[in-house]
Amino acid sequence: MEINEVTSLTREGDIAVLAIDSPPVNALSLAVRKGIIDALKHAQDDAAVKAVVLLCEGRTFIAGADITEFGAAPASPNLYDMQDALLAATKPVVAAVHGSALGGGFETALTCHYRIASPSASFGFPEVHLGLIPGAGGTQRLPRLVGIEKSFQLITSGAPFNAKQALEMGVIDELTGENSLRADAVAFANKIVQDGGPLRKIDDIDDKVVSARGKPEILETLLKDADRKIRAAYTTDYVMRALDAAANLPVAEGLALEHQMFFELMTSEQSAALRHVFFAERQVWKVPGLSADTPARAIGTVGVIGAGTMGGGIAMNFLNAGIPVKIVETNQPALDRGVETIRRNYENTVKKGRLSQEKAEARMALLSPSLQLEDLGDVDLIIEAVFENMDIKKEVFGKLDAIAKPGAILATNTSFLDVDEIAAATSRPQDVLGLHFFSPANVMKLLEIVRGKETDPANVATAMALAKRIGKIGVLVGVCFGFVGNRMLAQQLREMKGLILEGAMPWDVDRVHLEFGFAMGPFSVADLAGLDLGWSRETSTGSTIQEILCEMDRRGQKTGAGYYDYDENRRPQPSPVVEELILDFAAKNGIARRTISDEEILERCVYPMINEGAKILEEGIAIRASDIDVVWANGYGFPRSRGGPMHYADTVGLDHIVARLESYQAKLGEDFQPAPLLKKLATQSKAFNA
Ligand code: 3HC
Ligand code: NAI
């Protein structure tokens, strides 16, 4: 029987199967909640029904509350009304899980009397990634099944666990067959009926939590031993309070506290920002003009040119995905060094227990080193990662034009150079695009896919699909100096260098960034990357602090000193040498130093970046503002809890940003002139992410 557009109830003997079919992920929308309540009522009223199986159609069990509803008051019936209906059922309800039971989906299963799952199913509370805690009983019911310690780990990390682990932990009662969930669930329910199985409610179980009652030290120790990220997360304190309630309060009081904290977090700026990033990361894949029908090319083999910092990391992405790679260098020592670095990377992962020796060897076996560009004649995609020099890149692409098979995609990993000019060095510019990886290329999630003016849409579609295949977040961008990320970064770099001459110290600038939420300050990043990128002693002019530091052999962490001094554990210390150098340099250049506030540091580093983002949007280099946020959240450590630069600008207010930029423009010049789009949106009281 159809209950509503997303739920149905079907009788199978004594058992009623309540099926949810609400693509894509069966989130707990209003229609789903209503459907479950109405279906349960039918099942209750039907004397022939002895038990209910709750399951989902499609690719997954309920993957959570409907995140699109967050931020506004929940429509009635809300999630708690739905759970009350489940808890009030007088016939056993069995949740039958496949795919992912996440967040509110997992909590729905925890309000059922029994839980079974297919072997490939998984469970978890990913709420912390959205700046939330489980808010539909998860913090009270999970501890009653698995104890306080395990609950702390699972909820603070947001990490999923599989059905086998769920069975071992007592979260589920049984595993079903992989392809017989429905039949096995009906059989399980029949057995419960025959055995007169009780209406087992988690709320009535407390043996797993009593051991923590009156012992606050248990949670304190868990927090002390947790890793840095978890200790720093602002949601952790809420998890602690909720678990303390689970241990010490009656379940109804614990639930009430959890609900109150959930709503407090849901209406926070941080959660709104994290939800923005969640949807933005899914939006990037939607490219106007490209559809599922756009033909993509098959990529079975890849060539990488250059086995330096980037080439090696790039190659690893494909090896990890089981795609054979040919890597080409100009000379044997460079080739050997590159291959050795890849091997060492895999060995380290094996040592950490995150990869088996066999898998590491299988990946290395997919790698073919070569000194001949001609060897790339049969691969489907070639990625060039040679020196950042237009003449060299053009020469390489000219040669590739003669070597690559027809239809092969020719990509450049250039950081700044004009992809159209590189494409023009070939007779097939439609096959050329940019694939801009970020360092370390085997780790960083971001991939800027640069569409040239002649790039064939099929190649864009292929690159997007490939990004997904190798686990990257692919953001499509257009051609300009530095594309989206590096072009905006240039604004920050200019200002941070200006600020230390005008009055701040590198550690002041870094501290302000850390307080804002960046994982590292920009000067620490510079020290880590090496101050000598693109620098050489022969051409050094000593005209910037960075050049002088290189000349002093303070080239960053690798030399034990850069903007900071480093101890033997690579811990940074403010450097008196650098302080004196900066004061000296400013004096020699006639720069009068003054006290610079933290507010000025933040505004001058972030607002010009936002302004550049507006220009990027206006020029159509990025498809939408949220794509820029995805670039910054995944490639440059912009705090996700601020939502990326464009979302952050929206929260601050565009009129405020314009006013501050104009004020700096009056004092410091045209670098701060507000972009026309920014001014226009501010005048209209609009936002970037409308
Ligand atoms: N609410 C609304 N929409 C959601 C959603 C949710 N909980 N989860 C996923 N979607 C949407 C996505 O936005 C996407 O939409 P689109 O096709 O229009 O872009 C679509 O579903 C498919 O999502 P994915 O691309 O992520 O699909 P995958 O197959 O790669 O992954 C998944 C599936 C593992 C379920 C993944 O979508 C996921 O992790 N979802 C979020 C799960 C989550 O965070 N749940 C907790 C929500 S908070 C909560 O439940 C609070 C509670 O405690 C009260
Ligand atoms: P690198 O100097 O570490 O490596 C370049 C390698 O290319 C060297 O090993 C060199 O021997 C080799 N090479 C030069 N000419 C060649 C040719 N004709 N044929 C084959 N091999 C050749 O440089 P890195 O850092 O790996 O940069 C490579 C490219 O990636 C540049 O365009 C750079 O701008 C870009 N990039 C660099 C990032 C970084 O953080 N290092 C980040 C993103 C992009």
Side-chain angles (χ1 to χ4, degrees), residues 22-29 59-70 74 78-80 83 99-108 122 124-139 155 158 160 258-259 262-263 265-266 271 274-275 278-286 304-314 327-331 333-335 337-338 341 370-373 383-390 392-393 395-396 399-400 412-417 422 434-441 444 446 448 468 483 485-486 529-530 533-534 635:
S22 182
V25 296
N26 292 310
L28 288 163
S29 63
R59 66 203 224 213
T60 180
F61 190 72
I62 303 165
D66 185 340
I67 307 169
T68 58
E69 288 183 356
F70 288 3
N78 65 29
L79 192 44
Y80 306 132
Q83 287 185 308
S100 313
L102 299 175
F106 186 14
E107 289 168 308
T108 301
S122 64
F125 283 132
E127 279 87 343
V128 287
H129 302 313
L130 299 169
L132 300 167
I133 58 170
T139 65
I155 297 174
E258 180 208 79
H259 298 177
F262 176 78
F263 278 100
L265 288 169
M266 194 181 77
S271 177
L274 288 161
R275 294 191 312 259
F278 175 89
F279 286 115
E281 286 177 350
R282 282 150 180 89
Q283 190 76 15
V284 287
W285 304 106
K286 292 168 191 146
V304 175
I305 310 175
T309 309
M310 293 307 289
I314 292 170
I327 191 160
V328 179
E329 259 292 347
T330 47
N331 61 82
L335 187 61
R337 247 192 334 268
T341 305
S370 163
L371 293 174
Q372 305 296 327
L373 215 51
I383 304 173
E384 163 277 311
V386 306
F387 304 128
E388 184 75 347
N389 174 302
M390 183 54 98
I392 301 181
K393 300 230 190 239
E395 191 191 323
V396 169
K399 286 185 188 157
L400 285 182
T412 171
N413 183 48
T414 179
S415 305
F416 294 98
L417 300 174
I422 295 173
L435 287 178
H436 184 210
F437 290 79
F438 290 72
S439 181
M444 297 293 286
L446 179 65
E448 282 184 328
K468 239 187 185 160
F483 318 117
N486 282 343
L533 278 180

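One-based numbering, in listed order, for ligands and for the atoms of each.
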field: Between CD on residue Glu384 and CG on residue Leu435, distance to nearest 0.5 Å
entry: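 Atom-to-atom, Glu384:CD and Leu435:CG are 10.5 Å apart.
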
Inter-residue atom distance Ile383.CD1 - Ile314.CD1, 0.5 Å rounding: 5.5 Å

field: Nearest heavy-atom neighbours spanning Ala385 and Met310
entry: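 Shortest heavy-atom separation between Ala385 and Met310 comes out as CB-CB, 4.4 Å.
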
- request: Considering non-hydrogen atoms only, spot the tightest contact between Leu265 and Ser271 and give its length.
  value: O-CB, 3.2 Å

task: Indicate the ring-plane relationship of Phe70 and Phe262, choosing parallel, tilted or perpendicular according to the 30° and 60° boundaries.
output: perpendicular

- request: Could you pull out all residues at least two apart from Pro333 that satisfy side chain to side chain contact (heavy atoms under 4.5 Å, CB included)?
  value: Asn331, Arg337

Go ahead and list the nitrogen or oxygen contacts between ligand 1 and the protein that come in under 3.5 Å, distances to 0.1 Å, or just say none.
residue	atom	partner	partner atom	Å
ligand 1	1 (N)	Ala65	O	3.4
ligand 1	1 (N)	Ile67	N	2.9
ligand 1	7 (N)	Ala65	O	2.8
ligand 1	18 (O)	Lys286	NZ	3.1
ligand 1	19 (O)	Lys286	NZ	2.6
ligand 1	26 (O)	Arg282	NE	2.7
ligand 1	26 (O)	Arg282	NH2	3.2
ligand 1	27 (O)	Arg59	NH2	2.8
ligand 1	29 (O)	Arg59	NH2	2.7
ligand 1	45 (N)	Ala63	O	3.0
ligand 1	50 (O)	Ala65	N	2.9
ligand 1	50 (O)	Gly104	N	2.8
ligand 1	53 (O)	Glu107	OE1	2.8
ligand 1	53 (O)	Glu127	OE2	2.5
ligand 1	53 (O)	Gly135	N	3.0

message: With side-chain hydrogen bond (donor to acceptor under 3.5 Å, both in side chains) as the test, pick out the partner of Thr414 among Glu388, Lys393, His436.
response: Glu388

query: Listed by chain and number, what are the side-chain hydrogen bond (donor to acceptor under 3.5 Å, both in side chains) partners of Lys468, not counting sequence neighbours?
result: none

field: Within 45° cone of Phe279 ring axis and under 6.0 Å: Arg275 NZ or CZ
entry: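 Relative to the ring axis of Phe279, which defines the angle, Arg275 lies outside at least one limit.
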
Hey, what polar pairs (N/O, under 3.5 Å) does ligand 2 make with protein?
residue	atom	partner	partner atom	Å
ligand 2	3 (O)	Thr309	N	2.9
ligand 2	3 (O)	Thr309	OG1	3.0
ligand 2	9 (O)	Glu329	OE2	2.5
ligand 2	11 (O)	Glu329	OE1	2.8
ligand 2	11 (O)	Glu329	OE2	3.2
ligand 2	26 (O)	Thr309	N	3.3
ligand 2	26 (O)	Met310	N	2.8
ligand 2	30 (O)	Asn413	ND2	2.9
ligand 2	32 (O)	Val386	O	3.3
ligand 2	32 (O)	Glu388	OE1	2.5
ligand 2	32 (O)	Lys393	NZ	2.6
ligand 2	34 (O)	Glu388	OE1	2.8
ligand 2	34 (O)	Ser415	OG	2.7
ligand 2	36 (N)	Ser415	OG	3.2

